[in-house]
Peer 1: 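The structure that follows is given in the form of structure tokens.
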Amino acid sequence: MESGPPRPVLRRESGNWALQSALDRRGLGPVAGVDEAGRGACAGPLVVASCVLRPGDSARFEGLTDSKLLTATAREKMYDRVIHRALDYAVVVIPVEEVDLKGVHVSNIEGMRRAIARLHNHPGYVLIDGFRVPGLTAPSTPVIKGDQAVACVAAASVLAKVTRDRMMADLHKEFPQYGFDEHKGYCTGSHSAALTVHGPSRAHRWSFVNVASAGLAHGLRAPHPVALSVAAAAVVQNGQVGRLTSQTPTPVEHEERETA
């Protein structure tokens, strides 16, 4: 029986560069990492980034890991380093309106496809944080905790998070009552309290139950079409589908939210 291609050999001493380096040695590069920021937030855009790091450049990226594990100062420094040292990268911003219409998961998958498609050079292989992304034009593998285990995924996570954090800081200037500069749109206690007092803004995702509930309590309607889950529709609209928006919502799978 004919055997498949030899598996790449991972070298433990290579740390989070091991998988990328192994693929490069097998001629499967350039290797792109892809990750997102803002999946679990109830306000602000979803940001997806892809990144290709230079093979053998690990010494220039000491401390590179999941962006959420870095301090804000360290993230900013690492962001600048990635921008200047990466062979290729792309950042895709998915606005609240698109997230609400399609749902978080669909928007995330489509955003990852776009982020890979926008690279200047087509990658030979794609490594993804956490789950499979169908429809990519290169072979790919999901990696559990990829933003910690794989350098190019970690670099993508830094690009996505810093970009999104800067956007949330700008939104804070427009809507200071919500504290976007602190919680970045995630569902914290202070954010929930602000939603109760002020109701949602145009920066909020009306496809999230807490946002739609706060809007309903303030007599507000979503400013754009929203695809609600069946559960959210029952809670928020009391079974009267279509009351919240000008268009009848399309039921989508309810998304599990991440923490900040």
Side-chain angles (χ1 to χ4, degrees), residues 16 20 31-53 64-70 72 75-76 78-79 82-83 86 88-119 123 125-138 140-171 180 183-187 203-205 207-208 227 252-260:
N16 62 357
Q20 174 183 327
V31 180
V34 62
D35 199 7
E36 51 73 28
R39 178 183 173 90
C42 66
L46 177 67
V47 179
V48 183
S50 59
C51 186
V52 179
L53 295 178
L64 175 60
T65 186
D66 174 8
S67 61
K68 296 187 291 296
L69 300 180
L70 299 172
R75 273 197 304 270
E76 288 285 345
M78 190 62 71
Y79 175 91
V82 172
I83 292 294
D88 204 352
Y89 68 89
V91 178
V92 174
V93 176
I94 303 167
V96 168
E97 294 83 0
E98 185 173 344
V99 173
D100 275 345
L101 182 61
K102 297 179 178 178
V104 177
H105 186 64
V106 171
S107 297
N108 196 17
I109 292 291
E110 291 186 358
M112 289 183 168
R113 292 187 193 123
R114 291 181 211 168
I116 293 299
R118 291 183 187 179
L119 291 171
Y125 210 93
V126 179
L127 299 173
I128 308 154
D129 182 33
F131 54 86
R132 180 174 171 270
V133 176
L136 293 177
T137 56
S140 64
T141 297
V143 181
I144 296 174
K145 293 188 177 180
D147 45 11
Q148 297 178 40
V150 180
C152 58
V153 177
S157 80
V158 168
L159 293 176
K161 183 161 177 57
V162 171
T163 298
R164 187 176 186 279
D165 283 358
R166 290 175 179 179
M167 295 180 75
M168 296 310 295
D170 288 339
L171 281 173
F180 290 147
H183 52 68
K184 306 301 188 293
Y186 286 90
C187 305
H204 282 90
R205 300 177 185 175
S207 52
F208 279 61
V252 296
E253 181 181 356
H254 185 57
E255 295 300 333
E256 181 180 350
R257 284 160 227 160
E258 65 186 16
T259 57

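Note that the coordinates shown come from a computational prediction; the quantities given were computed from them, not determined experimentally. Computation of the quantities below employed the complete heavy-atom set of this structure, encompassing side-chain atoms and omitting hydrogens, waters and symmetry-equivalent molecules.
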Peer 1: Please examine the side chains of Pro45 and Met168, heavy atoms only from C-beta on, and report whether any two atoms are closer than 4.5 Å.
Peer 2: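 They are in side-chain contact.
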Peer 1: With rounding to the nearest 0.5 Å, note down the distance linking OG in Ser157 to NZ in Lys68.
Peer 2: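 Here the interatomic distance stands at 6.5 Å.
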Peer 1: Show every salt bridge (Lys or Arg N to Asp or Glu O under 4.0 Å) that has at least one partner inside residues 127-138, sequence neighbours left out.
Peer 2: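 Passing the test, one end in residues 127-138: no pairs.
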Peer 1: Walk me through it: do Ser67 and Tyr79 pass the test side-chain hydrogen bond (donor to acceptor under 3.5 Å, both in side chains)?
Peer 2: CA-CA 10 Å; Ser67 61; Tyr79 175 91; over 6 Å; no
Peer 1: Measure the spacing between CG of Asp147 and CG of Asn16 and express it to the nearest 0.5 Å.
Peer 2: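 Those atoms lie 10.5 Å apart.
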Peer 1: If you define the side chain from C-beta out and look only at heavy atoms, does anything of Leu119 sit under 4.5 Å from Val52?
Peer 2: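 They are in contact (side-chain heavy atoms under 4.5 Å apart), so the answer is yes.
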Peer 1: If you measure from NE2 on His105 to CG on Leu46, what distance do you get to the nearest 0.5 Å?
Peer 2: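 The CG atom of Leu46 is 11.5 Å from NE2 of His105, to the nearest 0.5 Å.
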Peer 1: For Tyr89, check side chain to side chain donor-acceptor pair (under 3.5 Å) against everything at least two apart and list the hits.
Peer 2: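 Partners of Tyr89 under the side chain to side chain donor-acceptor pair (under 3.5 Å) test: none.
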Peer 1: Return the SG to CZ distance between Cys187 and Arg205, rounded to the nearest 0.5 Å.
Peer 2: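 Going from the SG atom of Cys187 to the CZ atom of Arg205 covers 9.0 Å.
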Peer 1: Please enumerate all residues that pass side chain to side chain contact (heavy atoms under 4.5 Å, CB included) together with Glu97, with sequence neighbours excluded.
Peer 2: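 Side chain to side chain contact (heavy atoms under 4.5 Å, CB included) list for Glu97, sorted by chain: Pro95, His224.
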Peer 1: Can you check side chain to side chain contact (heavy atoms under 4.5 Å, CB included) on Cys51 and Val82, steps first, answer last?
Peer 2: CA-CA 9 Å; Cys51 186; Val82 172; 3.8 Å; yes
Peer 1: Heavy atoms only: give me the nearest Pro123-Ile116 pair and the separation to one decimal.
Peer 2: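 Here Pro123 and Ile116 meet closest at CG-CG2, 3.9 Å.
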Peer 1: With sequence neighbours left out, write down each residue that passes side chain to side chain contact (heavy atoms under 4.5 Å, CB included) with Ala169, or none if nothing qualifies.
Peer 2: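 Side chain to side chain contact (heavy atoms under 4.5 Å, CB included) check on Ala169 returns nothing, list empty.
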Peer 1: Testing the basics here: between Phe208 and Gly40, what is the closest heavy-atom pair and its distance to 0.1 Å?
Peer 2: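 Scanning both residues completely, I find the closest heavy atoms to be CE2-O, 3.9 Å.
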Peer 1: Can you name the closest pair of heavy atoms from Leu70 and Arg75 and give their distance?
Peer 2: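 In this case the closest contact between Leu70 and Arg75 is O-NH1, 2.8 Å.
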Peer 1: Specify the closest pair of heavy atoms between Leu136 and Met112, including all atoms of both residues, with the distance to one decimal.
Peer 2: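 Closest approach of Leu136 to Met112: CD2-O, 4.4 Å.
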Peer 1: Is any side-chain heavy atom of Asp170 closer than 4.5 Å to a side-chain heavy atom of Phe180?
Peer 2: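 When only atoms from C-beta onward are counted, Phe180 and Asp170 do not touch, as no gap falls below 4.5 Å.
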Peer 1: Is there side-chain contact between Asp66 and Lys145, with heavy atoms separated by less than 4.5 Å?
Peer 2: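 No. Closest side-chain heavy atoms not under 4.5 Å.
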Peer 1: List the atom of Cys152, the atom of Ala32, and the distance in Å for their closest heavy-atom pair.
Peer 2: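 Closest pair (atom of Cys152, atom of Ala32, distance): SG-C, 3.9 Å.
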Peer 1: Is any side-chain heavy atom of Ile83 closer than 4.5 Å to one of Leu159?
Peer 2: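 Yes - at least one pair of side-chain heavy atoms lies under 4.5 Å apart.
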Peer 1: Could you work out, with side chain to side chain donor-acceptor pair (under 3.5 Å) as the rule, every residue matching Asn108, not counting sequence neighbours?
Peer 2: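 Side chain to side chain donor-acceptor pair (under 3.5 Å) list for Asn108, sorted by chain: empty.
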Peer 1: Any side-chain heavy atom of Leu53 sitting closer than 4.5 Å to one from Leu64?
Peer 2: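 Leu53 vs Leu64: side chains touch.
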Peer 1: Do Glu36 and Arg164 make a side-chain contact, defined as non-hydrogen atoms from C-beta onward lying under 4.5 Å apart?
Peer 2: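 No, every pair of side-chain atoms sits at 4.5 Å or beyond.
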Peer 1: Please name all residues satisfying side chain to side chain contact (heavy atoms under 4.5 Å, CB included) with Arg118, sequence neighbours left out, ordered by chain then number.
Peer 2: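 Scan of Arg118 (side chain to side chain contact (heavy atoms under 4.5 Å, CB included), adjacent residues dropped) gives Ala90, Val92, Arg114.
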Peer 1: Using 0.5 Å steps for rounding, measure from the OG1 atom of Thr65 to the CD atom of Gln148.
Peer 2: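 Taking OG1 in Thr65 and CD in Gln148, the distance rounds to 5.0 Å.
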Peer 1: Between Val34 and Ala115, which heavy-atom pair has the shortest distance, and what is it?
Peer 2: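 So the two residues come closest at CG2-CB, 4.4 Å.
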Peer 1: Begin from the C-alpha positions of Val143 and Val153 and carry the test side chain to side chain contact (heavy atoms under 4.5 Å, CB included) through to its verdict.
Peer 2: CA-CA 9 Å; Val143 181; Val153 177; 5.9 Å; no
Peer 1: With a 4.0 Å cut-off, would you call Lys161 and Asp35 a salt bridge?
Peer 2: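 Salt bridge: no.
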Peer 1: Would you mind reporting whether Pro134 and Arg113 have side-chain heavy atoms less than 4.5 Å apart?
Peer 2: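 When only atoms from C-beta onward are counted, Pro134 and Arg113 do touch, with a gap below 4.5 Å.
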